[in-house]
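All heavy atoms count here, side chains included; hydrogens, waters and symmetry mates do not. Naming: A, B, ... by sequence-line order, numbering from 1 per chain.
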2 protein chains.
Amino acid sequence: MNKKQLQSEQTKKKIAHAARNLFVQKGYKATSIEDIVEATGSSKGNIYYHFKSKEGLFLYLIEEWDYDWDQKWREKESLYPTTIDKFFGFAEQMVLEDLNHPLTKSADEFFKSEEQTSEMEERITDMVQRHLQFNQQLIQEGIDAGQFHAQDTNSLAVILEGLMFGLSHMSRKSSLQEALALYHDAIKVFLYGIAANRPEDQSNNEE
Amino acid sequence: MNKKQLQSEQTKKKIAHAARNLFVQKGYKATSIEDIVEATGSSKGNIYYHFKSKEGLFLYLIEEWDYDWDQKWREKESLYPTTIDKFFGFAEQMVLEDLNHPLTKSADEFFKSEEQTSEMEERITDMVQRHLQFNQQLIQEGIDAGQFHAQDTNSLAVILEGLMFGLSHMSRKSSLQEALALYHDAIKVFLYGIAANRPEDQSNNEE
DNA sequence: TAAGATACTGAACGAACGTTCAGTATAAGG
DNA sequence: CCTTATACTGAACGTTCGTTCAGTATCTTA
């Protein structure tokens, strides 16, 4: 790879990185190309040289982020001896990787407002499905190990995903330490909530 | 109240109602005044006759919604015999009252993008604080009744708020029945998670 | 070093938006 | 019935935004 290609790639990454920060901070619509121009020092034209459109730039970021998350999880997963440890590791990575899904909110916004290319819609639906499967698998693991009360893993996966999403929302103004503590506590509640040896029934509304 | 005033009030409500639906569906930025014009049949000028600005209209909706929620809760609260029942009632109202905070997401978006009037920022911060206090009180009640494990009610309030917010996100495409079931399950997990008689310790990471 | 490919610039454009305002219709009150 | 206050209209304005493109700079290659 020669000097020019290298430079070009760096520029593309610089744009992507700046755009990512802006989308996370301000949301999709509220981030203008002009904002990205200011943050990078590149020109408008150059952004459109590297990316097809604002939508294309966003899509690029979404895919990159999802890929990176998976990558990092794979590196860590084997290090956790038990499912419980995995859960806490999961929570930690959610925080460390920029408070869960820093782009999810923008993605969500994007996804509502734009009349969809359906390429985008499909990709996002796929992403959510992958997350739910991921969660479900983790929960099933704990059930198989006898640590969790056997029940509908599908709902639990949605609840876990919702919890993570909600926590990211709640801790937007927190420090890293606070966020880590909060996620840790939340996972603890969740784990006690699905633990194998439940205390006596609490609801007159049970299944 | 004469005919004209009545008519005027109805128009204002019609605008508010249509705007609310649009903000919930599309978000703050993505909803244009033109959209509201189309949805109501009123003219642009008329919207600006009834509301100071787009921001003012949104603020009006936020306050109305928060007030209504409280109102409805007060009607129901005394009907629940135990704290546990209150929690399930809480979850139910979250769903029935338009899936938790239908405007929270728009509010959040609004709140990020706009350079704040600080009137708005203050009001939203207050609102979140009120919710957290509400949650904390509910949890404290359960602890006092000996039903919940005594612990940091502050974090738990945040976790509950996050869970509710996340669930509303997850069930945007669900039916009412599915949402009710999901929220019910989630509250059950949460209650087991903070129940008084915990199973043996699960984490090597305890406080 | 000349020619061509690649990387980048920034002015310009058209569409969309929130807001305003001069003007019109309608009901209220004397 | 006539005046005045109120409710409403919609064209027009100024701004912002995503996108385009003719032109320039820089590097590669032969």
Side-chain angles (χ1 to χ4, degrees), chain A residues 1-20 22-23 25-61 106 109-117 120, chain B residues 1-19 22-23 25-61 106 109-117 119-120:
Chain A
M1 186 175 291
N2 59 38
K3 183 179 168 189
K4 206 165 190 182
Q5 286 174 305
L6 202 82
Q7 174 78 16
S8 180
E9 202 169 284
Q10 278 179 347
T11 306
K12 187 170 184 179
K13 277 188 182 150
K14 193 174 68 180
I15 293 171
H17 187 255
R20 187 179 196 273
L22 287 166
F23 283 137
Q25 280 167 37
K26 311 181 59 171
Y28 179 76
K29 267 234 160 160
T31 298
S32 65
I33 304 292
E34 191 57 37
D35 288 338
I36 304 175
V37 166
E38 281 165 27
T40 55
S42 274
S43 66
K44 275 193 176 185
N46 198 27
I47 293 171
Y48 279 85
Y49 176 76
H50 287 288
F51 299 96
K52 204 178 87 194
S53 63
K54 191 185 178 185
E55 176 176 330
L57 168 53
F58 191 72
L59 186 56
Y60 174 88
L61 291 173
S106 313
E109 178 202 343
F110 173 88
F111 174 52
K112 272 187 303 185
S113 58
E114 231 72 2
E115 63 296 329
Q116 244 14 266
T117 333
M120 194 68 191
Chain B
M1 190 178 287
N2 59 38
K3 183 180 169 188
K4 207 165 189 182
Q5 285 174 306
L6 203 81
Q7 174 79 15
S8 180
E9 202 169 284
Q10 278 179 347
T11 307
K12 186 169 183 178
K13 276 187 182 151
K14 193 174 69 182
I15 293 171
H17 188 256
L22 287 166
F23 283 138
Q25 279 166 37
K26 310 182 58 172
Y28 179 75
K29 267 235 160 160
T31 298
S32 65
I33 304 292
E34 191 56 39
D35 287 338
I36 304 174
V37 166
E38 281 165 27
T40 53
S42 274
S43 67
K44 276 193 176 185
N46 198 27
I47 293 172
Y48 279 87
Y49 176 75
H50 286 288
F51 299 97
K52 204 178 88 194
S53 62
K54 192 185 177 186
E55 177 176 330
L57 168 53
F58 192 72
L59 187 55
Y60 174 88
L61 291 173
S106 313
E109 178 204 342
F110 173 89
F111 174 53
K112 272 189 303 188
S113 58
E114 232 73 359
E115 63 297 326
Q116 244 15 267
T117 333
E119 183 200 0
M120 194 67 192

Which residue pairs pass the side-chain hydrogen bond (donor to acceptor under 3.5 Å, both in side chains) test when at least one of the two sits in residues 37-50 of chain B, sequence neighbours left out? B/S42-B/N46

So, is A/Y49 close to the C/dC8 phosphate, meaning a side-chain N or O under 4.0 Å from OP1 or OP2? no

Taking only side-chain N and O atoms of B/S53, does any of them lie within less than 4.0 angstrom of OP1 or OP2 on C/dG18? no

Take atom CG of A/L6 and atom P of C/dC8, then tell me their distance rounded to the nearest Å. 11 Å

In chain order, what residues pass the ring pair (Phe, Tyr, Trp, His ring centres under 6.0 Å) check against A/F51, with sequence neighbours excluded? A/Y60

Please name all residues satisfying side chain to side chain contact (heavy atoms under 4.5 Å, CB included) with B/Q10, sequence neighbours left out, ordered by chain then number. B/Q7

Parallel, tilted or perpendicular: ring planes of B/F58 versus B/F23, cut at 30 and 60 degrees: perpendicular

Decide yes or no for A/D35 and A/S32: does some side-chain heavy atom of the first lie under 4.5 Å from some side-chain heavy atom of the second? yes

C/dC8 C1' sits how many Å from A/E9 CD, rounded? 17 Å

Runs of at least three consecutive Watson-Crick or G-U pairs, both distances under 3.5 Å, are what I'm after; which ones involve DNA chain C? C:1-27 with D:4-30

Under 4.0 Å from OP1 or OP2 of C/dA7: is there any side-chain N or O of A/S8 that close? yes

Taking C-beta and beyond as the side chain, do A/E9 and A/K13 meet within less than 4.5 Å on heavy atoms? yes

Which atom pairs link the protein and nucleotides 20-24 of chain C when you take only N or O atoms and keep those under 3.5 Å?
none

Interatomic distance where CD belongs to B/E55 and C1' belongs to C/dC17 [whole Å]: 16 Å

Report yes or no: does B/K14 contribute a side-chain atom to a donor-acceptor pair with the main-chain N or O of B/G41 at less than 3.5 Å? no

By the 4.0 Å heavy-atom rule, please label A/T31 as base, sugar-phosphate, or nothing. sugar-phosphate

When you compare the protein's N or O atoms with those of nucleotides 25-27 of chain C, which come within less than 3.5 Å of each other, and at what distance?
from, atom 1, to, atom 2, distance (Å)
C/dT26, O2, B/K4, NZ, 2.8

To the nearest angstrom, the CD-C1' distance between B/Q5 and D/dC8 comes to 16 Å

